Amino acid sequence: MSLDYSTQELMIIASAREIKDNERIFVGMRLPITAYGVARLTHAPNAVGLFESGIARYEPADGMLYTMCDAPNQLGAAWTCGLIQIMGMLSGGRVHAGFIGGAEIDKFGNINTSYIGGIENPKVKLPGSGGAADIAAMSQRLIAIMNHEKHRLVEKVEFITSPGFLDGGDARKRAGLPGAGPSAVITDRAILRPHGPTNELHLSTIHPGHSQAEILENTGWDLKIAPDLSETPEPSSAEMDALHQIDKDGYWR
Amino acid sequence: MSLDYSTQELMIIASAREIKDNERIFVGMRLPITAYGVARLTHAPNAVGLFESGIARYEPADGMLYTMCDAPNQLGAAWTCGLIQIMGMLSGGRVHAGFIGGAEIDKFGNINTSYIGGIENPKVKLPGSGGAADIAAMSQRLIAIMNHEKHRLVEKVEFITSPGFLDGGDARKRAGLPGAGPSAVITDRAILRPHGPTNELHLSTIHPGHSQAEILENTGWDLKIAPDLSETPEPSSAEMDALHQIDKDGYWR
Amino acid sequence: MQEKLMDLKEAVASLVSDGDSIVLGAALENAIPFAATHELIRQGFTGLNMIAPISDMSTDMLIGAGCCNEITGAWVGNVSAGLGHNYRRATEKGIPHRVKVNDYSNFTLGMALFGGAYGLPYIAVKSLLGSDIPKSNPLLKVTDNPFTEGEDPVVLVPALKPDVAFLSMQRADRFGNAHYWGSYGLTQESSIAAEKIIVLADEIVEPEVIASDPSRVVIPGFGVNAVCHIPAACHPSPLIGCWTRDNEFFHEYHKLTRDPEGFEAWIKEWVLDIPDHAAYRAKLGERLEQFRIRGKALSAPANYAVE
Amino acid sequence: MQEKLMDLKEAVASLVSDGDSIVLGAALENAIPFAATHELIRQGFTGLNMIAPISDMSTDMLIGAGCCNEITGAWVGNVSAGLGHNYRRATEKGIPHRVKVNDYSNFTLGMALFGGAYGLPYIAVKSLLGSDIPKSNPLLKVTDNPFTEGEDPVVLVPALKPDVAFLSMQRADRFGNAHYWGSYGLTQESSIAAEKIIVLADEIVEPEVIASDPSRVVIPGFGVNAVCHIPAACHPSPLIGCWTRDNEFFHEYHKLTRDPEGFEAWIKEWVLDIPDHAAYRAKLGERLEQFRIRGKALSAPANYAVE
């Protein structure tokens, strides 16, 4: 019998699976911070969560957070310090993974959170990088979380805020970027991963209840299929228990 | 009637006179830290003392210090922090003056605290720069304290640890150094100051009881005389009172 | 030590000039001194360049009020509520006028201010390679690492020195010495880099309290130009140990400022028609009280005894 | 969290290798973990490169014992007593063997370690221009500021990443989280830059004590490899709140190590013939007690309550 879960709950659990034990992770807010909590309670009890403002935590905050700087995220932290110390860990190569979102991602995992419609007279001025460009450049690997819509998963982003594999192949390495680049893009329909020498994002797993045709239809480029395509494993009862422990109020249900 | 004072007490008071009110000063240890205390109690009540380890103080420590990091220098400090924050104030142009000593100084105020007899196989390996090279480079002005001996005040130091006016004239400026360079060299016999377009150190004031001939005899270059040569003013009774308040045990008497 | 207690109105009038570059809270989402934002708007400053890693509602208000011509930072919006409407109107439609955006990432803005604070002409980083940010911000230079044989690109970030920094601190003495705890973002670097520093203290304490713990000092008091006693100066943002976040206030602002008229009404009600922060607190009334921290979760003491 | 309590002997044996570059106290003249110096000497390490802004008696002992081939730093000697005799014998006469000196100033060493900590390939500074230090240390490069038209020389300091950092902290928990207060020199940067970190804690406390004040944490516990409980590990140097300085001990060492034979006798008595730091403390006996801080000058509390 399959468990009852929402799409967002599945995305959180899929994100949690990307975190390994003992890793240092830029967890961001909302969905990724919840994923970090689930990972801590399941397979990654020694993962450390990092927040750009200057916070490191062994345990997720006890209490609702509207921003990473809220009091519950500071009380009992492992370290409260400055931005340079925490983001510097990233720059120093000490951060294993980071989660970021974005308005647009392209087939090489480049992400735009800056401009739609040109720099000079943009149609839409998005909020900008925050720490995302740094995380994308310098985290050992990068996990992107996106809604799977045709205008969000595009052939080529018009402005690269956060670099993925740039033009593909070894372009990222040639550009001098220290981190290895995107390892997973988790959407509400599927998980994409880079594959082969081009490092193009391929369809890797399909979330239960979604079809390959629907996913191709909702992707803005000619999405290739990974040779080992499979279904995204459903949440286990242990994973769901952990999630319910974190998300007491059922915000993500 | 002249007051009773030792040569070192005169040097301390002469050093104190180099500190202006509201200034931030790298005070070092021993003689300069005492001078800072005297300045605070007389004409510079708002001077701030800085210590390279990461300490800023409004008032000199209450208690004997063997090193700048001793407990009395930390208790009640204005700030205890890291080396970068404090030395960075210097680099940021926020420090008005610093005191340094040395094994050798030359006629352009360059100081050697590194090597005697070559870098490869030195005859004497001195302790090195510590913060002195930084203070000499970046403090708005520099005050050197030296024993006035022929082998210490030399034509040209063989290794410039802490830059003065380099080869003289505008050489210092051309080298790109932000601070203005030495403003005074206080010895146990006299005070030398840069003079004229060459910025060569000139005899500026002679301590009471010393003669011009004796000073020239004990200087390792052909020391020129400043046009306004005078006698170093004797300590005033207010200055001596302040000194006695700082130097309770009469260490410098 | 010199007494530095000043009325915020007077501090702003005497220390800020039109066209200044200004840091107004650099701790990211906590300790944003909104009281200073209000005062800048009331005094009608123009041409300001707002510098911050994360520019929250405070910057959006300054844009909407026409005070701000330029934004130097990594992110602008309304952190818990979404986009900043005034920011979008200004950058997309020139309402009330165009605002120039100097794009950085958090880390590179941190390095720019670190360089400004500590006299480094520029900082070489491995971030922003491959990103288009160096194309949109011509201050950044991509060059080669001179220590490596062969190609090894680096991005050079020039130092940034703000004119004025406003900072919220939990407690300060009348001489400008202050204690701050909790995450501080770029508070230290941005204020040391700044030409002038204005501290907004939630509480004024005796000098002995600050002197009891010099390691709790984040920026040195001798660099501070004015200290203003403004309880809840950071409302609606939180200040650790003093105030929690008024989330609804951010959401209401977001909802009510969707169009320029809505913003005009909002700014009139909450800023322009209010003489000072005491009146703002009075207007908030009981609402403010629910965000006051009354509990105790106290730090273990540190001993500085000398014997 | 992982338990990291370890015997110092075991920590040194398992985490240090011959030829390593080592930070052994970076707070300048306080908090020098001499207990680690003794253990490195007893275990007979060779080829070490000792990194510190101010290298006090600890480095001089390592040179005399033949453990150290290289010194990277700004100053070497015996701060309150004068020159370091072993340092002079090694650099001037090759006794017990030559020691290479990588000259820095305090600020440029700080920048090198800052670069190492935070992944900056090099740092551009305005210090050391006109100094001969860049001639004696070929790691430093003088170049032109690419942001300025015309000549504007800068010195480039490449990043420095030590292999191991030993640090004295006032209190730590068994997971490696620690509190430190008082001036800290380059403690934070040098240990974050280091590949491995060994904390020598004067006291082991419950995790709740450290967690009560995350702003008192100078280096993050998750980066620590081992925490060793060694009271007075820093003797004869001071540790704020715990121990004052044993000045005479520095002077005695200075007097007794004027010639190699004197040093041999001293190191035998105080290090080689002593099994561990407990025995060292026992040997000091009543002498040590006079440096124990018994008074109280406690910090004002900081509140982290959430409501």
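Since the model is a prediction, treat every value here as computed from it, not as a measurement.
When the candidates D/L156, D/V154, D/V209 are compared by the number of heavy-atom contacts under 4.5 Å with chain C, D/L156 comes out ahead. The most heavy-atom pairs under 4.5 Å with chain C, out of D/R292, D/K126, D/Q170, D/K141, come from D/K141. With chain C as partner, the option from D/V125, D/N145, D/T148, D/T244 having the largest number of non-hydrogen pairs under 4.5 angstrom is D/N145. Per-residue counts of heavy-atom pairs under 4.5 Å with chain C were compared for D/G241, D/S183, D/P238, D/A124; the largest is that of D/A124. Chain C forms the most heavy-atom pairs under 4.5 Å with one residue out of D/H179, D/K296, D/Q290, and that residue is D/K296. Counting heavy-atom pairs closer than 4.5 Å to chain C, the top-ranked of the candidates D/S127, D/A211, D/G182 is D/G182. Chain D forms more heavy-atom pairs under 4.5 Å with one residue of C/A300, C/C242, C/G119 than with any other, namely C/A300.
Looking at C/M1, C/R171, C/M169, C/K4 one by one, the single match for side chain to side chain contact (heavy atoms under 4.5 Å, CB included) with C/N177 turns out to be C/M1.
Under the 3.5 Å distance criterion, the side-chain polar atoms of C/S299 are matched with a main-chain donor or acceptor of D/A302. Under a 3.5 Å cut-off, the side chain of D/D246 and the backbone N or O of D/L288 do not form any donor-acceptor pair.
Neither the backbone nor the side chain of C/Y180 comes within contact range of chain D; no heavy atoms are under 4.5 Å apart. Neither the backbone nor the side chain of D/F291 comes within contact range of chain C; no heavy atom of the residue lies under 4.5 Å from a heavy atom of that chain. For D/Y184, no part lies under 4.5 angstrom from a heavy atom of chain C. Heavy atoms closer than 4.5 Å to chain C are found nowhere in D/P214, neither backbone nor side chain. Only the backbone of D/V306 comes within less than 4.5 Å of a heavy atom in chain C; its side chain stays farther off. With a 4.5 angstrom heavy-atom cutoff, D/I123 touches chain C only via side-chain atoms. D/P146 touches chain C through backbone and side chain together, each having a heavy atom under 4.5 Å away.
A tilted orientation is assigned to the rings of D/Y122 and C/F147, their planes being inclined by 30° to 60°.
Counting all heavy atoms, side chain and backbone alike, C/D213 lies closest to D/R216 at OD2-NH2, 2.7 Å. Looking at every heavy atom in both residues, C/P153 comes nearest to C/V142 through CB-CG1, 4.4 Å.
Using a 4.5 Å cut-off on side-chain heavy atoms (C-beta onward), C/P236 and C/F34 make contact. In this structure, D/I219 and D/V199 have side chains that are in contact, with non-hydrogen atoms separated by less than 4.5 Å. You'll find the side chain of D/D163 stays beyond 4.5 Å of the side chain of D/N49, heavy atoms only.
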